[in-house]
Amino acid sequence: VPDFPIAAIRAAFPGLERLYDGKPVVRLDNPAGTQVPASVAEAAARCLTDSNSNVGGYFGPSIAATHVVADARAAMADFLGAASPREIVIGQSMTALTFQMARAIGRDLRPGDEIVVTAMDHDGNISPWLSIAHDRGATIRMVPFDPVTCRIDSAALDAAVTGKTKLVALSYASNVTGSVNDVADLVRRARRTGALVYVDAVQYAPHHSIDVQALGCDFLACSAYKFFGPHLGIVWGREALLAGLHADKVRPASDDGPARFERGTPQIELLSALTAAVDYVAWMGGLLGAQGNRREKIVAAFEGASAWETILVTQLIDGLREIDGLHIYGITDPARYAQRVPTVSFTHRTLSSDHIAEELAKAGICVWSGNHYAPETMKLLHIDSDSALRIGIAHYNTPQDIVAALAALKSIFAEVPV
Ligand SMILES: Cc1ncc(COP(=O)(O)O)c(C=O)c1O
């Protein structure tokens with residue numbers, strides 16, 4: 001990790017150097033969306049000049065546009081370890097796709113059937129299931145997480161899954177506490193009674209490689225703008241399962257493959273940018289010395305990036321723990337940092353999280369405060385103000401970024417009697 005090529009990586013991200021009101025900013029708002037490499041922005045622009053056409057035609061630009069779509073599916077198949085690009089559905093966002101997939105998956109639910117959701121999830125993996133359960137008369141069961149480990153206990157999942165469970169929706173990593181679930185184990189337990197498992201990997205995907213086949217789940221969703229790409233969501237689903245689902249589509253559109261679930265004309269410029277984002281990650285793997293195919297380079301890239309991120313999150317949590325009056329949610333034991341992504345949320349005894357975020361903004365530190373669209377998580381953690389301050393690290397952050405954030409926090413709290 002001392003060799004982590006941070007200078008070369010930062011040089012790839014022009015957004016990190018931008019000035020706002022003439023001043024630089026420190027991007028620690030990453031869980032809400034990351035910066036993109038120049039190659040990603042350029043791919044979108046180039047697509048609009050060089051491949052700007054609808055897909056499926058006989059003429060050159062249309063053939064190029066058709067390739068853009070196929071390339072994006074192939075890139076995401078490599079990114080997620082999918083068996084085939086035919087398992088990749090791409091759409092507006094994780095939330096939009098999950099509402100749509102929930103409708104397709106839940107179409108035949110009946111009264112008495114059960115869907116299990118968790119309090120650890122972003123509402124993007126709760127509300128779509130509430131909605132379809134409501135419409136079909138199915139029952140929702142909410143699994144709590146352990147407030148100490150901030151992970152889902154296998155016993156808690158076992159208690160919720162019954163012979164009536166048709167689907168379990170759970171998260172890979174929390175967007176509030178950063179805790180990572182043992183998804184393979186939870187999937188095994190959920191599937192014992194034949195339930196399908198839908199995994200929200202939005203907060204995991206920017207930090208670690210994902211292997212959908214090793215996880216054993218049935219569906220997995222992520223968002224490209226959280227992993228250095230454009231504003232698109234992606235759902236991986238087993239090919240046979242996808243093929244068996246009803247797709248709400250217009251009649252003339254093809255009924256073959258994942259495009260059944262992609263309504264209307266594809267956002268080809270964003271798809272082109274998506275391929276570039278995956279290629280960026282593979283490029284980072286190459287920088288770190290990986291050889292081999294794109295998938296192997298992606299795996300190596302995240303191994304290097306997550307080791308770097310662990311150094312930064314250790315520095316951040318060590319610094320936060322020195323500040324009086326803070327309550328940090330999630331794992332703070334360094335021995336367990338492998339069970340968290342570098343997303344750290346906290347509240348202060350007297351100052352509101354929104355006030356702290358505003359003061360940090362004045363110091364050029366970009367962070368989010370609020371419920372982070374995870375209202376069940378906020379409730380279980382007894383964050384009564386419904387707002388926590390969240391600092392989220394990406395691999396392009398530096399030790400200096402953390403020093404700047406901690407210094408700004410200390411000066412905010414210095415003026416407050418605790
Ligand atoms: C864990 C998690 N799931 C889902 C979402 C929703 O993703 P999208 O914005 O693509 O709908 C987010 C966004 O913050 C998230 O953090």
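Counting starts at 1 for both ligands and their atoms, in listed order.
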**Message:** Please find the pair of heavy atoms, one from Val116 and one from Ala160, that lie closest to each other, and give the distance.
**Reply:** CG2-O, 3.7 Å
**Message:** How close do His208 and Ser306 get, counting heavy atoms only, and between which atoms?
**Reply:** CE1-CB, 3.5 Å
**Prompt:** How close do Ile6 and His395 get, heavy atom to heavy atom, and via which atoms?
**Reply:** CD1-O, 3.5 Å
**Near ligand 1, at a heavy-atom separation below 4.0 Å: residues by chain and residue number** = Ser93, Met94, Thr95, His122, Asn175, Asp200, Val202, Gln203, Ser223, Tyr225, Lys226
**Request:** Quick one: closest heavy-atom pair of Leu48 and Glu269, and the distance?
**Result:** CG-CB, 3.7 Å
**Message:** Working to the nearest 0.5 angstrom, can you tell me the gap between Phe228 CZ and Asp279 CG?
**Reply:** 14.5 Å
**Message:** Centroid separation under 6.0 Å, is that true for the rings of Phe302 and His207?
**Reply:** no
